[in-house]
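Worksheet for the structure shown next.
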Protein chains: 2
Amino acid sequence: MSLVTDRGKPQSADKPTLYKQIRIDIERRILTGEWPPGHRIPFEHELMSSYGCSRMTVSKALSELTQADLIERRRKAGSFVRRPTFLSAVLKIADIRAEIGALGRSYGYELIQCSRRAANAADRARLGARKTGKVIAIACRHSADDVPFAIEDRLIDLDAVPEAATADFATEPPGTWLLHHVPWTEAEHSISAIVADEQAAAALDIAIGAPCLVIDRHTWRSARPLTAVRLLYPGESHKLVARFKGG
Amino acid sequence: MSLVTDRGKPQSADKPTLYKQIRIDIERRILTGEWPPGHRIPFEHELMSSYGCSRMTVSKALSELTQADLIERRRKAGSFVRRPTFLSAVLKIADIRAEIGALGRSYGYELIQCSRRAANAADRARLGARKTGKVIAIACRHSADDVPFAIEDRLIDLDAVPEAATADFATEPPGTWLLHHVPWTEAEHSISAIVADEQAAAALDIAIGAPCLVIDRHTWRSARPLTAVRLLYPGESHKLVARFKGG
DNA sequence: CGTATCGATATGTCTATACATAAAATCGTG
DNA sequence: CACGATTTTATGTATAGACATATCGATACG
């Protein structure tokens with residue numbers, strides 16, 4: 001049973017119109033950390049001239065980014081990148097290094113295991129890939145201020161992302177590398193709760209049987225699976241917070 | 001430690017402009033279930049004439065609802081209420097009866113405990129209320145197809161919501177009653193994971209120590225606390241799913 | 001009867017313009 | 001210098017109109 005029904009496989013990306021292109025360009029810079037929280041994004045009239053369009057078009061892009069809580073617009077002052085306070089923004093970032101950085105904590109990374117192999121049945125099922133091929137399996141740990149923050153268990157489809165073969169995941173977290181090198185068109189997150197087994201407990205420095213928040217993230221490019229990742233956060237000490245306005 | 005930093009107390013609601021009023025009016029009908037999933041909302045030209053405004057203004061309201069995944073717009077056909085597939089929509093609904101109904105399951109409700117009392121220190125802390133006053137404390141259980149779906153533990157500030165004194169929570173779930181009778185301006189959700197204690201395990205028909213997904217929801221009207229509720233879902237069998245498009 | 005075409009229609013994007021509003025910046029005065 | 005009034009400026013909302021595009025439904029054709 002699931003809280004929500006599934007929508008089936010993700011559809012392919014639609015042709016980007018101008019305002020969408022502006023939105024995507026800005027979003028990319030924010031999500032990769034190129035424009036960190038607090039950064040002032042160009043004024044509307046600057047975007048107007050650089051994209052050669054009217055103010056309404058720029059404004060539409062900025063409005064959507066505001067609704068997604070990625071930016072904050074202040075009259076007279078301009079528009080600024082928000083720190084990831086909201087659930088949707090936190091989920092969208094998907095780069096734990098940037099997430100920890102945005103929280104003002106020091107980031108630590110440790111590769112636990114990394115292997116390349118031909119995809120077995122379980123790998124294919126997890127990726128949702130039909131054909132068999134090569135995959136990279138990665139296990140690693142992220143820490144904030146030297147305290148374990150999350151453990152990551154990831155599978156990358158090497159046929160869809162051949163460049164991953166040359167990446168050095170010993171020094172760069174796979175999420176960060178992917179975000180900077182591989183464009184994606186669809187992503188799906190699923191949040192659930194489990195209890196820590198022996199291995200997870202040891203890696204996160206918590207008790208066996210302690211609750212953990214799980215985020216499973218799948219990413220596609222034009223309906224082709226790129227990567228599947230499971231993130232385990234120590235459950236009681238972590239919260240995902242979302243705020244709404246309404247009536 | 002928290003995945004996200006807190007933004008402090010919610011700010012008061014801003015003056016609703018015309019497009020926001022349209023958005024809020026439609027949103028209300030969707031969130032209360034008056035317009036169920038699949039319902040066709042009025043055409044843009046109908047909204048234009050009923051609100052006496054231009055098409056751009058109507059379109060802006062509908063665009064925001066689209067971005068929030070509350071509606072789906074199809075050329076030539078019109079705009080339709082979506083079933084709550086997305087995380088943000090699921091979180092926004094906050095009415096478990098409507099949620100279960102939208103999933104096509106039969107809804108069951110059972111009041112476990114309901115009492116009225118003067119707020120003690122713990123109650124005030126939970127609501128974030130400064131002054132002391134009367135509160136209603138409610139415990140109840142929601143089920144889908146006769147299987148326990150979630151248990152709810154709620155506190156309502158009777159001074160902020162005096163009408164709640166006359167509501168019959170034995171027959172109507174408090175979430176549903178509140179959604180139909182009490183307007184709110186800000187809400188905050190927090191998602192975390194815990195393990196079931198003896199009481200929760202018994203109510204949800206799961207094992208003690210089994211993981212549970214927790215949603216804590218606080219609701220304000222113009223910065224005044226209205227209600228605080230904790231929902232416990234059996235953890236492994238429930239998932240919150242969110243999808244994104246991006247590049 | 002099935003299918004290809006085409007027109008009607010509702011949404012999707014974009015422009016140019018206008019005025020409102022909040023807040024930073026500046027100025028002027030005590 | 002302190003402090004209030006004024007100006008400037010970037011965003012916020014709204015308009016009317018234009019053209020693009022997807023798609024429903026009807027019509028014509030094989």
Side-chain angles (χ1 to χ4, degrees), chain A residues 11-27 30 35 37-82 185 245-247, chain B residues 10-27 30 35 37-82 185 222 245-247:
Chain A
Q11 58 283 71
S12 64
D14 41 17
K15 167 175 44 151
T17 53
L18 182 49
Y19 92 87
K20 259 178 202 153
Q21 193 53 55
I22 301 174
R23 181 182 177 290
I24 287 172
D25 287 349
I26 297 173
E27 207 168 57
I30 296 176
W35 287 351
H39 176 90
R40 208 211 76 225
I41 75 173
F43 291 126
E44 292 186 355
H45 68 262
E46 295 175 309
L47 293 168
M48 278 172 68
S49 51
S50 66
Y51 282 93
C53 64
S54 77
R55 199 183 135 222
M56 279 299 290
T57 303
V58 177
S59 184
K60 176 153 185 165
L62 296 183
S63 293
E64 290 203 356
L65 291 169
T66 303
Q67 208 192 333
D69 284 310
L70 283 174
I71 67 168
E72 182 183 353
R73 302 171 84 187
R74 289 207 305 273
R75 279 170 154 120
K76 165 77 183 180
S79 303
F80 300 83
V81 178
R82 281 186 63 98
T185 56
K245 290 184 190 173
Chain B
Q11 58 284 67
S12 65
D14 40 18
K15 169 177 40 153
T17 53
L18 182 48
Y19 93 89
K20 256 177 204 153
Q21 193 54 55
I22 301 175
R23 181 182 176 287
I24 286 172
D25 287 349
I26 297 173
E27 206 168 57
I30 296 176
W35 287 350
H39 176 90
R40 210 211 75 226
I41 75 174
F43 292 126
E44 293 186 355
H45 63 83
E46 295 176 307
L47 292 169
M48 278 172 68
S49 50
S50 66
Y51 282 93
C53 64
S54 76
R55 201 183 134 222
M56 280 296 293
T57 302
V58 182
S59 185
K60 175 152 186 164
L62 296 183
S63 293
E64 291 202 356
L65 291 168
T66 303
Q67 208 193 334
D69 284 310
L70 283 173
I71 66 168
E72 181 183 352
R73 301 171 83 186
R74 289 207 306 272
R75 280 171 155 119
K76 164 81 181 179
S79 302
F80 301 84
V81 178
R82 281 187 62 98
T185 56
S222 305
K245 290 184 190 172

At their closest point, which heavy atom of [X] faces which heavy atom of [Y], and how far apart are they?
X	Y	result
Trp35(A)	Pro42(A)	CH2-CD, 3.6 Å
Ala77(B)	Phe43(B)	O-CE2, 3.4 Å
Glu64(B)	Gln67(A)	O-NE2, 3.0 Å

Is the distance from OP1 or OP2 of [N] to the nearest side-chain N or O of [X] less than 4.0 Å?
X	N	value
Ser59(B)	dT13(C)	no
Ser79(B)	dA10(C)	no
Arg73(A)	dA10(D)	no
Lys20(A)	dG12(C)	no

Ile26(B) vs Leu47(B), test: side chain to side chain contact (heavy atoms under 4.5 Å, CB included). Steps then yes/no. CA-CA 11 Å; Ile26(B) 297 173; Leu47(B) 292 169; 4.3 Å; yes
Using a 4.0 Å cut-off on heavy atoms, which residues in residues 44-51 of chain A reach DNA chain D? List them by number, or say none.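 Output list: Glu44(A).
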What is the distance, rounded to the nearest whole Å, between atom [atom1] of [X] and atom [atom2] of [N]?
X	N	atom1	atom2	value
Met56(A)	dT13(C)	CE	P	13 Å
Lys60(B)	dT13(C)	NZ	C1'	14 Å
Glu72(B)	dT23(D)	CD	P	11 Å
Leu62(B)	dG12(C)	CG	C1'	12 Å
Glu64(B)	dT13(D)	CD	C1'	12 Å
Leu65(A)	dG12(D)	CG	P	12 Å
Arg74(A)	dG12(D)	CZ	P	11 Å
Phe80(A)	dA10(D)	CZ	P	12 Å

CD1 on Ile30(A) to CZ on Arg82(A), rounded to 0.5 Å: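 Arg82(A) atom CZ to Ile30(A) atom CD1 measures 11.0 Å (nearest 0.5 Å).
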Spatial distance of atom CD (Glu27(B)) from atom CD1 (Ile71(B)) [nearest 0.5 Å]: 10.5 Å
Got a donor-acceptor pair under 3.5 Å from the side chain of Arg75(B) to the base of dT21(D)?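 When only heavy-atom distances are counted, Arg75(B) does reach the base of dT21(D) through a donor-acceptor pair under 3.5 Å.
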Between the base of dG12(D) and the side chain of Arg55(A), is there any donor-acceptor pair under 3.5 Å?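 Under the 3.5 Å cut-off, the side chain and the base do form a donor-acceptor pair.
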Table of protein N/O atoms under 3.5 Å from nucleotides 4-8 of chain D N/O atoms:
none

5' precedence on DNA chain C between Ser54(A) and Ala77(A) (nearest-nucleotide basis):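 Final value for this comparison: Ser54(A).
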Test item: [X] and [Y] side chains (from C-beta on) under 4.5 Å apart, heavy atoms:
X	Y	result
Ile41(A)	Leu62(A)	yes
Cys53(A)	Ile22(A)	yes
Arg73(B)	Glu44(B)	yes

Given side chain to side chain contact (heavy atoms under 4.5 Å, CB included), test Asp25(B) with Tyr51(B) step by step and report yes or no. CA-CA 11 Å; Asp25(B) 287 349; Tyr51(B) 282 93; 2.5 Å; yes
